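Heads up, the thing below is written out as structure tokens.
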2 protein chains.
Amino acid sequence: MTQLALTIDRPTTMPPVRLGGSQWARDRAGGGFEPTSAVRAVGPVQYFTRDRDIYGEGEDAALFFKVVSGVVRTCKFRSDGRRQIDSFHFAGDLFGLEAGSEHSLCAEAVCDCAVVSYRRRGLETLAESDGALSRQIFSFAMRSLARSQKHALLLGCGTAVEKVAAFLVELAAAAPESTAIALAMTRQDIADYLGLTMETVSRTLSRFERDCLIELPTARQVWIKNLAALRNLGR
Amino acid sequence: MTQLALTIDRPTTMPPVRLGGSQWARDRAGGGFEPTSAVRAVGPVQYFTRDRDIYGEGEDAALFFKVVSGVVRTCKFRSDGRRQIDSFHFAGDLFGLEAGSEHSLCAEAVCDCAVVSYRRRGLETLAESDGALSRQIFSFAMRSLARSQKHALLLGCGTAVEKVAAFLVELAAAAPESTAIALAMTRQDIADYLGLTMETVSRTLSRFERDCLIELPTARQVWIKNLAALRNLGR
DNA sequence: CGATTGCTTGATACCTCTCAACCCAGGTGG
DNA sequence: CCACCTGGGTTGAGAGGTATCAAGCAATCG
């Protein structure tokens, strides 16, 4: 499949908008590039500090976004205050593209991060006449769907050990060349992503360290010591 | 949004293929109809008896399907034998449309059912030149995504009571005019959809009946007696 | 240095799973 | 017609895993 990319028409040290960026996978190889299909970025890069809202649930979804740097979470809040994180978005990932006119989730900065925004309408009108682009958009949507299904699978069948192991494997897959993972998110973030409590996540990580599957030099840094064993636990 | 439909070029007592059919919602109002965009059904209607495989995980995804009658489940099996149901598909729903070349889930007949199949390539080539159709496809994919996210939410935060209540509300939403629900699926199916055990589903339903939220004239028939209360429990 | 925040660890309670027995309806065959 | 069998469903008792509540620890920051 060709790697079609939307470019941003700015002096641009920014990466091109690649539809269907990494979704947790670092096929982040040099952006394919297609000068004929361009969607204008709306305004300059925007910066958000940790925990700042990027958009709220129910807000107008005229814009969608791309992570330039940092990590973004999309999540939902329940009446009782519990939070469920649907996904983490890393540099290169798109988020906030919706079928309806409103954002169905809210987006927040997990750590200090930078994003650029695009008009959905621009993308849609362009896709009308650009078959290849519309195919890319379809592919992006379907891969988002696959990711969500995988997440549902994770949440559905599983003990804490399975969930946390699968989470680590997911993160590790994002940087296959390295065994070191820097966690941008808190234990609470991980818990809300996995449908667990902070304490259970912490206990499970401690247990993995006791069992020599990982090492935790600091709370936010993980060294994978036995990926195969984690992968085994993860399902 | 216009209700574009793909038609089937057969003598046809069959409903047209509507992209983005019901997904659990019975906006099944008279099929919008667009004779210029047609995708040929591949072969005649196929019939499957209960528990029969329609396609398996990893099989070639050249075809996708539409439920004509009955109910289909798409699911995944784990190494330890546990099954996770991703979704139930009812009459009018499309399933099996993938981004990749293989089916990521398997599809099975929940009860005796009839489906028609379509070539993915046919849809893709048509979409290349038909902007409105490609928009429909995008919309379909995004609504599938929204459904999956909702499912993940359900699996993530929740007690058995919440899950089962939400499931019943989902089913009730599919037939808003009636308070009677016919369950095509077994308790085990429901359990695998909700990430619970059969026993817990059964106990929870019994409890709902004791609390006068529902009535169970037979195991496979549910009368909703207090939808508002269920809705409250469901989140 | 004290305060704050994120994290870890412990004790206990609660919910769900597991295992088991039993029930019930439908189908089959004598 | 009834005995029997089968598959799906219900219900109970006990075990186990995770949530809850609480205390303590470490790093960061004013």
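Everything numeric in this text was worked out from a predicted model, so none of it was measured. Letters A, B, ... mirror the listed sequences (proteins, then strands); counts begin at 1.
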Provide a list of protein-nucleic acid N or O atom pairs under 3.5 angstrom, restricted to nucleotides 22-27 of chain C.
none

**Request:** Kindly point out which of D:dT10, C:dG6, C:dT8 is positioned nearest to the side chain of A:R50?
**Result:**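 Nucleotide nearest to A:R50's side chain: C:dG6.
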How many Å lie between [atom1] on [X] and [atom2] on [N], as a whole number?
X      : N      : atom1 : atom2 : answer
A:L194 : D:dG17 : CG    : C1'   : 16 Å
A:D189 : C:dG6  : CG    : P     : 10 Å
B:D192 : C:dT16 : CG    : P     : 17 Å
A:R207 : D:dG16 : CZ    : P     : 14 Å
B:E162 : C:dC15 : CD    : P     : 12 Å
B:M198 : D:dG8  : CE    : P     : 10 Å
A:I214 : C:dT8  : CD1   : C1'   : 13 Å
A:Q221 : D:dA27 : CD    : P     : 14 Å

Any salt bridge linking [X] with [Y]? Criterion: basic side-chain nitrogen under 4.0 Å from a carboxylate oxygen.
X     : Y      : answer
B:D80 : B:R78  : no
A:R83 : A:D189 : yes
A:D51 : A:R73  : yes
A:E98 : B:R143 : no

**From CG (A:L105) to CD1 (A:I85), nearest 0.5 Å** =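 Atom-to-atom, A:L105:CG and A:I85:CD1 are 11.0 Å apart.
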**Asked** Looking at B:R220, does any N or O in its side chain come under 4.0 Å of the phosphate oxygens OP1/OP2 on D:dG9?
**Response**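 Yes.
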**Message:** Are A:M198 and A:T186 packed together at the side-chain level, in the sense that at least one heavy-atom pair is separated by less than 4.5 angstrom?
**Reply:**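 Answer no - side chains too far apart.
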**Request:** Report yes if some heavy atom in the side chain of B:L233 is under 4.5 Å from a heavy atom in the side chain of B:L213; otherwise report no.
**Result:** yes
Where do N or O atoms of nucleotides 18-22 of chain D meet protein N or O atoms at under 3.5 Å, pair by pair?
unit_1, atom_1, unit_2, atom_2, d
D:dT18, OP1, A:A160, N, 2.6
D:dA19, OP1, A:T197, N, 3.4
D:dA19, OP2, A:T197, N, 3.3
D:dA19, OP2, A:T197, OG1, 2.9
D:dA19, OP2, A:T200, OG1, 2.4
D:dT20, O4, A:R203, NH2, 2.8
D:dC21, N4, A:E199, OE2, 3.2

**Message:** Assess the residue pair A:F65 and A:H89 against the criterion (ring-ring contact (aromatic ring centres under 6.0 Å, His included)); give the C-alpha distance rounded to whole Å, side-chain angles, the decisive distance to 0.1 Å, and a yes or no.
**Reply:** CA-CA 10 Å; A:F65 301 84; A:H89 306 274; over 10 Å; no
**Request:** Say whether B:Q149 and A:D86, considering side chains only, have a donor N or O and an acceptor N or O under 3.5 Å apart.
**Result:** yes
